[in-house]
Amino acid sequence: MHKLTSSLNLQSANLQYFRSKILAWNRENNDRKMPWKGEKDPYKIWLSEIILQQTRVAQGLKYYNDFILNYPTISDLANAPDDEVFKKWEGLGYYNRCRNMIFTARYIRDELNCIFPITYDDILNLKGVGEYTAAAIASFAYNLPYAVVDGNVVRVISRFLALDKQLVTASDKRLYQEIANSFLSKQKAGEYNQAIMDFGATVCMPQNPTCGICPIKRKCKAYALDGIEKYPPKKKKLKLKKRTFHYVILQVGKSIYVRQRNAKDIWQSLYEPILIEQSSVPDWLKKHKAVSKKSQKLSHQQLDIRFYILNTPSEVPIDIDSYSKVSRKQLAQKAYPKSVYDFLQEFKYLELAKD
DNA sequence: AAAGCGGGGTT
DNA sequence: AACCCAGCTTT
């Protein structure tokens, strides 16, 4: 190939070594089992990949099983009400994924007659599907020769080549994609992509990789340099924005007031009680004691959350037109941020009142 | 190019 | 407390 290949010393002998060792490891030593493995239905592959974006397999597993059970085909998912789908996604995080998933299911139902796209470019055009996910679906479902570049692949390549780069800029992305393409087995694209990700997850792990049993350590440059832990370089940690939420549970009879979050902010599409966001306690709330306090750390924000229970609307001197009174039965069917869900659960708001 | 977007497991 | 996970979209 060209400059890139030679500067990184990617001779075909090394490419072949890497490729064949990874495939052999996969056949002989990879006992990782996941329900979507070997799956050929592009709908199920797509669903698993959306759920697994920035999410550990162990965490996504039960969500995948639940979605497949309730929505066995893409039309089942497309026909489901938004709130019902979000309730199943609740707790998984990055809720834009869920919104895009619903949009794409309906797009495929309405525009593609429920037929999942079959080319890489058409798959890539789906909302919520980027290069990684498109390559995963194209290779797993159709064995098309597109190399996946996810966190596992970046780590394995960075170490094998002692490549001192994170995946930050578009240039980094092109570099890793090109290297991954050259390593890819074009004939066994699906098998190879699955293999390298399993390898990264179970052998070449982020911390304490098991180099002793690694099938490619003989040519691994980071291993030779005794610098496995230096590759890939650490991401710079962003400092957390601090926010304080005062949630007022305004009870009227068996109902409380909630609304759906629609602003361009965290937790879009999820429901919440009456929110006052300010660092200090509002004067009118000072005579009430917070019945619960929670601290929640997001990837980019540190939330200090306090809950108050009030019983009459006149005690709440703010505009609550955007909220509606919702019964216990209806509350149980909506999706909430983790901290709000935990509160509602602890204080029995999600149980049906039996009287 | 950089920022925004969750929640959890592991060490 | 640090690190990072089968990343994508918007600004």
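The model shown is predicted, which means the values in this text are computed figures rather than measured ones. Lettering of chains follows the sequences in order, A, B, ..., and the numbering in each one begins at 1. Computation of the quantities below employed the complete heavy-atom set of this structure, encompassing side-chain atoms and omitting hydrogens, waters and symmetry-equivalent molecules.
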Phosphate-side-chain proximity, Q268(A) and dC5(B), N/O vs OP1/OP2 below 4.0 Å: no
Touch class at under 4.0 angstrom, heavy-atom based, for A58(A) against every strand present: nothing
dC8(C) to dG8(B) separation - P atoms, rounded to the nearest Å: 22 Å
Test: K37(A) and D198(A) ion pair at under 4.0 Å: yes
Sugar-phosphate, base or nothing in reach of D198(A), heavy atoms under 4.0 Å: base
Option from I309(A), L331(A), L310(A), I274(A) for which side-chain contact (heavy atoms from CB on, under 4.5 Å) with I256(A) holds: L331(A)
N/O (side chain, H300(A)) to phosphate O (OP1/OP2, dC5(B)) under 4.0 Å: yes
Nucleotide of dG7(B), dG7(C), dA6(C) approaching W36(A) most closely (side-chain heavy atoms): dA6(C)
Gap in Å between the two C1' atoms, one belonging to dC5(C) and one to dC5(B), rounded: 15 Å
Aromatic ring pairing F67(A)/W89(A), orientation class (parallel under 30°, perpendicular over 60°, tilted between): perpendicular
Value in whole Å for how far the P atom of dG7(C) lies from CE of M197(A): 9 Å
Out of dG7(B), dC5(B), dA6(C), whichever nucleotide has its closest atom nearest the side chain of V57(A): dA6(C)
Stacked cation flag K219(A) on Y17(A), 6.0 angstrom / 45 deg: yes
Among dG7(B), dC8(C), dC5(B), the nucleotide that comes nearest once only the side chain of K338(A) is considered: dG7(B)
Minimum-distance nucleotide (side-chain atoms of K235(A) versus dG6(B), dC5(C), dG7(C)): dC5(C)
Side-chain N,O (T133(A)) to OP1/OP2 (dC8(C)) below 4.0 Å: yes
Side-chain-base donor-acceptor pair under 3.5 Å for Q194(A) and dA6(C): yes
Any R99(A) side-chain nitrogen or oxygen under 4.0 Å from OP1 or OP2 of dC8(C): no
Sugar-phosphate only, base, or nothing, as touched by L92(A) at under 4.0 Å among non-hydrogen atoms: base
Minimum-distance nucleotide to P337(A) side chain [options: dT9(C), dG7(B), dC5(C)]: dG7(B)
Q207(A), nearest nucleotide to its side chain (from dC8(C), dT11(B), dG7(B)): dT11(B)
Below 4.0 Å: OP1/OP2 of dG7(C) and any side-chain N or O of Q54(A): yes
N208(A) side chain, from C-beta outward: closest of dC8(C), dT11(B), dC3(C): dT11(B)
Residues K87(A), E84(A): salt bridge by 4.0 Å N-O rule: no
Pair K33(A) + D31(A): basic N to acidic O under 4.0 Å: no
Sugar-phosphate, base or nothing in reach of V153(A), heavy atoms under 4.0 Å: nothing
Whole-Å C1' distance, dC3(C) and dG6(B): 16 Å
Sugar-phosphate, base or nothing in reach of M205(A), heavy atoms under 4.0 Å: nothing
Nucleotide of dG4(B), dG8(B), dT11(C) approaching K264(A) most closely (side-chain heavy atoms): dT11(C)
Euclidean distance, atom NZ of residue K173(A) to atom C1' of dC8(C) [Å, nearest integer]: 10 Å
Residue mapping more 5' on DNA chain C - nearest nucleotide basis, R32(A) or K237(A): K237(A)
Short side-chain N/O contact from W89(A) to OP1 or OP2 of dG6(B), under 4.0 Å: no
Short N-O contact, D342(A) and K338(A), less than 4.0 angstrom: yes
Closest nucleotide among dC3(C), dT9(C), dC5(B) to the Y94(A) side chain: dC5(B)
Touch class at under 4.0 angstrom, heavy-atom based, for G60(A) against every strand present: nothing
dT9(C) phosphate, OP1 or OP2, under 4.0 Å from N96(A) side-chain N/O: no
